[in-house]
Amino acid sequence: MKQIFVTGGVVSSLGKGLTAGALGALLEGHGLRVELKKFDPYLNLDPGTMSPLQHGEVYVLEDGTETDLDLGHYERFTHAVLGRRHSLTSGRIYESVLQKERNGEYLGQTVQTIPHVTDAIKEQLQVVDERADLCITEIGGTIGDIEGLPFLEALRQFALERGREDVVFLHLTLLPYLRAAEELKTKPTQQSVAKLREIGIQPDILVCRTEREISPDMRRKISLFCNVSPRAVVEERDLQDSIYELPSVLHREQLDALVLERLGLRPRRAYEDIWSDILRRIREPSCRCRIGLVGKYVSCKDAYKSVYEALAHAGIALCCRVEIRTIDAEALESPEAAELLKGLDGILVPGGFGTRGVEGKIRAANYAREQQIPYFGICLGMQMATVAFARRVLGRPEAHSAEFDPRGAYPVIRRLDSQQDTASRGATMRLGSRPCHLKAGSLARRLYGSEEIFERHRHRYEFNRELEEAFESRGMLISGRCPGDGAVEILELAQHPYYLAVQFHPEFQSKPWQAHPLFRGFLQAALDRAQENS
Ligand code: GLN
């Protein structure tokens with residue numbers, strides 16, 4: 001199988017994940033089947049234990065693997081369905097090497113980075129879906145990081161053993177613009193490529209992030225100094241309106257043609273462009289509405305990445321410009337903070353962990369319910385909606401989640417049975433895709449348009465089933481359940497324009513060309529409210 005390796009130089013946050021995803025989208029546009037992987041050089045076994053403030057959201061795959069948010073980009077840009085083998089860290093590699101050492105599989109040898117760690121990485125590179133035409137593998141981090149070296153060394157060896165014609169090295173780099181000199185600067189790019197060549201990797205394609213156009217002279221200079229053909233110097237200008245411009249930008253630069261040619265791959269059909277229509281809808285919205293997102297990590301723009309994207313997808317579907325007002329849940333706890341919730345057409349409370357800000361989320365859930373404002377609660381946002389309901393509607397002010405009040409007298413949310421004795425923090429939650437049966441006549445059933453659906457999970461606590469009757473008797477309907485164990489997955493209020501709360505994470509299954517039905521339903525309700533009020 002053909003391989004494309006994506007590395008990044010000069011600075012972090014250049015958008016390697018987006019570029020890899022957009023390239024995948026372009027190749028799919030030619031009818032090819034792509035697989036995408038990410039190798040992260042840090043030592044955590046997976047990002048599940050990392051703070052979203054540091055590393056952005058934890059994305060969850062169908063099989064329950066907790067991954068870096070770049071895998072979210074891959075799944076949003078392409079049709080690939082990813083799993084555990086598509087997300088690897090140094091921690092996982094070292095774990096496997098150390099396990100082999102303990103099992104005596106190295107037969108008395110000294111275990112070393114080269115060849116044993118690099119062999120383990122190469123082994124993972126070989127694990128591919130036979131039906132795919134090619135695999136794009138992104139290496140996290142920036143060239144020059146010490147941790148990344150074993151991965152790069154493994155790529156070099158892989159290309160040598162496999163043959164250069166089956167491998168493309170794509171290097172993403174930055175051309176900073178210096179205002180004083182009024183020009184783009186190529187030196188950091190030259191140095192980053194020099195560093196790669198020192199390791200024995202000659203990039204085939206340079207994708208250059210830039211805020212200005214790259215002149216033909218500048219292209220020639222980069223080509224000469226970095227030893228790539230001028231055609232292979234690809235301009236990636238800063239995007240104006242949306243990340244979904246990227247496939248079209250790279251197509252105009254003929255990145256797809258370049259890759260196909262370099263790998264000797266033949267397109268299976270004439271290029272099919274699905275992105276122009278999406279962009280038209282983003283650029284020419286026919287309406288707008290304002291959504292408040294109440295969370296504790298709002299200071300980090302990557303912490304709720306998939307939620308923002310899923311809202312954007314609903315906006316694309318409805319030709320609606322979605323303005324998102326982020327509201328710090330903790331700030332909502334002060335008495336005068338009700339102001340923060342004024343003027344919203346919809347309120348969304350996403351997932352989260354830990355006590356900080358939960359009272360603010362409960363307040364938002366109460367406010368939306370009482371003011372008839374569309375509400376969408378996801379995971380912790382669902383749990384806090386039930387606490388809010390128990391305290392105000394059921395008249396149980398002592399109600400809480402056992403996560404925050406372990407000995408509380410009215411635990412509306414309790415620890416999952418499977419979680420009672422787990423002390424370990426890594427990959428131990430109820431994770432991944434589970435079926436959910438939807439109740440006939442419910443809002444959820446109407447929105448999904450089917451009886452059984454599958455959604456991805458990541459939680460330790462759940463709705464206390466002993467309280468089902470109390471909730472339903474006061475109008476909070478249980479409209480979705482896991483068919484196996486009967487776990488409560490969806491709650492909704494009948495006497496409300498849209499009050500829906502789900503235990504799972506629908507944001508992980510939304511696509512730009514196919515908005516998730518619950519996000520679409522939520523946005524439609526918000527839009528109806530915006531139009532009523534205007
Ligand atoms: N902290 C809650 C739980 O573990 C919610 C988790 C989440 O929002 N992802 O159940």
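Counting starts at 1 for both ligands and their atoms, in listed order.
Put simply, the residue from Glu138, Glu35, Lys38 that forms a side-chain hydrogen bond (donor to acceptor under 3.5 Å, both in side chains) with Tyr74 is Glu138. In summary, of the residues considered (His505, Glu462, Glu489), a side-chain hydrogen bond (donor to acceptor under 3.5 Å, both in side chains) with His457 occurs for Glu489 alone.
Aromatic ring orientation, Phe77 versus Tyr244: tilted (interplanar angle from 30° to 60°).
With sequence neighbours excluded, the residues that form a side chain to side chain donor-acceptor pair (under 3.5 Å) with Glu339 are Lys342. With sequence neighbours excluded, no residue satisfies side chain to side chain donor-acceptor pair (under 3.5 Å) with Arg474.
Every pair passing ring pair (Phe, Tyr, Trp, His ring centres under 6.0 Å) that includes a residue from residues 463-488 is listed here, sequence neighbours excluded: Phe389-Phe471, Phe463-Phe471.
Protein residues with any heavy atom under 4.0 Å from ligand 1: Gly351, Gly352, Phe353, Cys379, Leu380, Gln383, Glu403, Arg458, His459, Arg460, Tyr461, His505.
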